[in-house]
Amino acid sequence: MYLCLLTLVLLHNAAGFVAQNFTGKLNGGDHCVCEVLLPDSSFPAMRVGTLEDETQRLTNRVEDEMQKLEEQDIRLDAYMEKLINLTKRLERLEKLRPEGLIEINFDVLKKEIKEMEMVISQLRGRVNGSNAHVESLYKEVKNISKSVGQLETLDKNNVLKAQRDMEVLKKRLVDCEKTIKMKAQPMVPLGFCQHHGLSLISKPNLLQLNWKGAAFKSGAWGKDAAWNATKKSLYWVAPLNPDGRILESIRIYPSFNDILLYKNSIDLPLSVLINNRWNHTLGGQGAGVIVYNNNLYYNCYNSRDMCRTNLNNGVYQRKTLPNAVFNNRYSYSGVSYQDMDFASDEKGLWVIYSTEASAGKIVVGKVNVATLTVEKSWTTTQKKTEVTNAFMMCGVLYATRSVNKKTEEIFYMFDTKTGKGEQISFMMEKMSEKVQSLSYNANEHKLYMYSDAYLVHYDVIFKP
């Protein structure tokens with residue numbers, strides 16, 4: 001057998017042509033026979049090129065992602081450092097006493113935490129919750145944000161508390177200065193009017209609820225107001241019916257301890273029950289009531305008459321007040337049926353009222369107690385319906401108005417000696433919003449106020 005050599009030329013992709021030898025054998029003729037096994041009829045050059053391109057793209061993406069991860073690690077390290085600093089700052093804040101939080105600038109702190117929350121949220125979105133480190137940071141930032149919010153609330157509450165405390169201290173300081181000033185003022189002798197008018201009004205002194213109860217919001221109270229009273233320690237309380245109009249009776253107490261303890265009282269009925277029906281012929285209306293020298297003066301029910309009842313024997317008298325309006329025609333602002341308001345001071349007994357001729361302006365009348373008539377009257381420039389109440393001191397009318405629920409202002413005065421009025425301003429603290437009656441007692445320089453069923457009194461200081 002003879003061997004033969006066969007050379008095949010194979011196509012290679014990019015390198016050109018490649019020759020390769022194979023050994024064969026001759027058969028019975030002139031033919032050389034070789035057995036050659038080839039993988040394919042053609043080499044996949046295009047697929048190999050595509051694979052190389054894809055490999056390059058993957059390599060670039062991996063490098064980009066690696067760079068991003070490196071950047072994220074750098075940012076995470078930076079925010080981890082910020083977070084550690086914030087944690088330390090928060091720990092210092094939590095150790096502070098509440099008053100130490102007042103000066104903390106929470107806006108800056110909240111802004112920093114907000115920035116961190118935004119970055120951590122973006123990182124969470126990128127890693128899709130698969131990074132435990134990011135998740136831990138996210139929870140820690142949320143906890144710090146919550147703690148700072150609680151501290152800020154504590155701070156605000158503390159600031160408000162501090163402000164309230166400061167207001168209380170300021171008020172106490174003002175009250176203290178007023179008290180010192182009142183004590184330092186030379187005292188004007190009782191019954192003496194050679195002074196320069198009103199100087200100060202004290203804080204309100206609450207005595208108690210009237211004897212009939214909280215439903216009887218309107219009424220009047222005080223001591224016998226006559227300068228020459230025979231019973232200067234006599235106290236009286238006159239609640240009106242819940243309708244704020246009818247005065248059916250008054251209660252008299254011999255002393256301050258008696259009124260304080262609700263004991264040893266004497267009731268004086270004015271209205272009477274006849275055949276199961278009330279008769280108000282001797283009754284009164286409105287809270288313009290006063291006790292002067294052991295006599296009760298009031299507006300007779302449903303009339304323009306002045307009534308007087310002796311507290312010792314019950315003797316009853318009445319006299320018409322000419323031209324006076326009645327039945328709630330020109331009552332004080334905020335109270336009803338006080339068309340006629342009796343007052344007393346160092347100069348005697350007065351009645352405050354209005355007429356149609358005065359067009360609702362206040363008229364001050366000097367009452368002659370011997371004849372129960374008005375011997376002289378003065379028409380002021382102040383409308384009665386713009387006044388919450390009024391009283392007399394040394395022949396001078398003082399009118400009040402409401403500033404708010406807790407403050408009353410003495411804003412107007414009219415001197416019967418000169419016949420002139422003027423605007424003034426003295427603030428009075430109130431225990432309740434409404435002032436149903438206000439009267440002055442010359443025996444002790446006090447104001448007596450009936451306010452929403454409560455009995456209140458004030459000390460008065462004059463300018464010497």
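Remember, it's a predicted structure, so these values are computed and weren't measured experimentally.
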- What do the steps show when you test Arg318 against Asp305 for salt bridge (Lys or Arg N to Asp or Glu O under 4.0 Å), and what is the final call? CA-CA 6 Å; Arg318 65 188 298 161; Asp305 293 350; 3.0 Å; yes
- Message: Using side-chain hydrogen bond (donor to acceptor under 3.5 Å, both in side chains), reason through Tyr337 and Ser218 one step at a time and then give a plain yes or no.
- Response: CA-CA 10 Å; Tyr337 292 98; Ser218 295; over 6 Å; no
Closest heavy-atom contact between [X] and [Y]?
X: Tyr253; Y: Lys263; answer: CD2-O, 3.6 Å
X: Ala343; Y: Met392; answer: CB-CG, 3.7 Å
X: Met340; Y: Ala324; answer: CE-CB, 4.5 Å
X: Leu240; Y: Gly286; answer: CD2-O, 3.5 Å
X: Pro204; Y: Val456; answer: CB-CG1, 3.7 Å
X: Ser425; Y: Glu409; answer: OG-OE2, 2.6 Å

Would you indicate whether the side-chain heavy atoms of [Y] and [X] approach each other to under 4.5 Å?
X: Phe414; Y: Trp378; value: yes
X: Thr309; Y: Asn295; value: no
X: Tyr316; Y: Leu270; value: no
X: Asp459; Y: Ile461; value: no
X: Tyr235; Y: Val237; value: no
X: Ile201; Y: Val460; value: yes
X: Ile410; Y: Met427; value: no
X: Tyr301; Y: Asn279; value: no

- Task: List the steps, then state whether side-chain contact (heavy atoms from CB on, under 4.5 Å) holds for Phe342 with Val289.
- Result: CA-CA 6 Å; Phe342 287 91; Val289 186; over 6 Å; no
Can you confirm if the aromatic rings of [Y] and [X] lie within a centre distance of less than 6.0 Å?
X: Phe462; Y: His445; value: yes
X: Phe391; Y: Tyr440; value: no
X: Tyr448; Y: Trp221; value: yes

For the atom pair [atom1] ([X]) and [atom2] ([Y]), what is the distance rounded to the nearest 0.5 Å?
X: Phe256; Y: Leu207; atom1: CZ; atom2: CG; value: 5.0 Å
X: Glu248; Y: Leu273; atom1: CD; atom2: CG; value: 9.0 Å
X: Leu311; Y: Ile266; atom1: CG; atom2: CD1; value: 9.0 Å
X: Lys223; Y: Ser255; atom1: NZ; atom2: OG; value: 10.0 Å
X: Leu447; Y: Asn389; atom1: CG; atom2: CG; value: 10.5 Å
X: Ile424; Y: Leu198; atom1: CD1; atom2: CG; value: 6.5 Å

With distance as the sole test, does [X] use its side chain to make a donor-acceptor pair with the main-chain N or O of [Y] at under 3.5 Å?
X: Ser432; Y: Ser451; result: no
X: Asn443; Y: Ala226; result: yes
X: Thr373; Y: Glu375; result: no
X: Ser354; Y: Lys361; result: yes
X: Asp258; Y: Tyr262; result: no
X: Gln285; Y: Asn302; result: yes
X: Asp345; Y: Gly348; result: yes
X: Asn312; Y: Asn310; result: no
X: Ser233; Y: Pro254; result: yes
X: Asn210; Y: Ala453; result: yes

- Task: Step by step, work out the side-chain contact (heavy atoms from CB on, under 4.5 Å) result for Val335 and Gln436.
- Result: CA-CA 6 Å; Val335 294; Gln436 282 81 11; 4.1 Å; yes
Quick check: are there more than 12 heavy atoms from other residues, nucleotides or ligands sitting under 6.0 Å from [atom1] of [X]?
X: Lys232; atom1: NZ; value: yes
X: Lys383; atom1: NZ; value: no
X: Lys446; atom1: NZ; value: yes

- Candidate pair Arg251 and Asp267, rule salt bridge (Lys or Arg N to Asp or Glu O under 4.0 Å), full reasoning: CA-CA 4 Å; Arg251 178 165 285 188; Asp267 289 344; 2.6 Å; yes
Distance-only polar pair, side chains of [X] and [Y], donor-acceptor under 3.5 Å:
X: Thr381; Y: Tyr412; result: yes
X: Thr388; Y: Thr400; result: yes
X: Ser358; Y: Tyr330; result: no

- Query: Taking the six-membered ring of Trp350 as reference, does the NZ or CZ atom of Lys366 fall below 6.0 Å from its centre and within a 45° cone about the axis?
  - Reply: yes
- Task: Tell me, please, whether Phe411 has Arg401 positioned over its six-membered ring: NZ or CZ under 6.0 Å from the ring centre and within 45 degrees of its axis?
- Result: yes
- Does the pair Gln208 and Tyr454 meet the rule for a side-chain contact (heavy atoms from CB on, under 4.5 Å), with working shown? CA-CA 6 Å; Gln208 60 197 19; Tyr454 285 91; over 6 Å; no
- Once the angle between the rings of Tyr297 and Tyr292 is folded into 0 to 90°, is it parallel (under 30°), tilted (30 to 60°) or perpendicular (over 60°)? perpendicular
- Message: Run the side-chain hydrogen bond (donor to acceptor under 3.5 Å, both in side chains) test on Thr407 and Glu429 for me, step by step, so that the C-alpha distance in whole Å, both residues' side-chain angles and the decisive distance to 0.1 Å come before the verdict.
- Response: CA-CA 5 Å; Thr407 308; Glu429 183 180 335; over 6 Å; no
- Intermediate values then yes/no, side-chain contact (heavy atoms from CB on, under 4.5 Å), Leu296 and Ile250: CA-CA 9 Å; Leu296 176 69; Ile250 73 162; 3.9 Å; yes
- Query: Given the rule in the side-chain hydrogen bond (donor to acceptor under 3.5 Å, both in side chains) test, do Asn323 and Glu356 qualify, once you have shown the distances and angles that lead to the verdict?
  - Reply: CA-CA 7 Å; Asn323 303 317; Glu356 295 293 352; over 6 Å; no
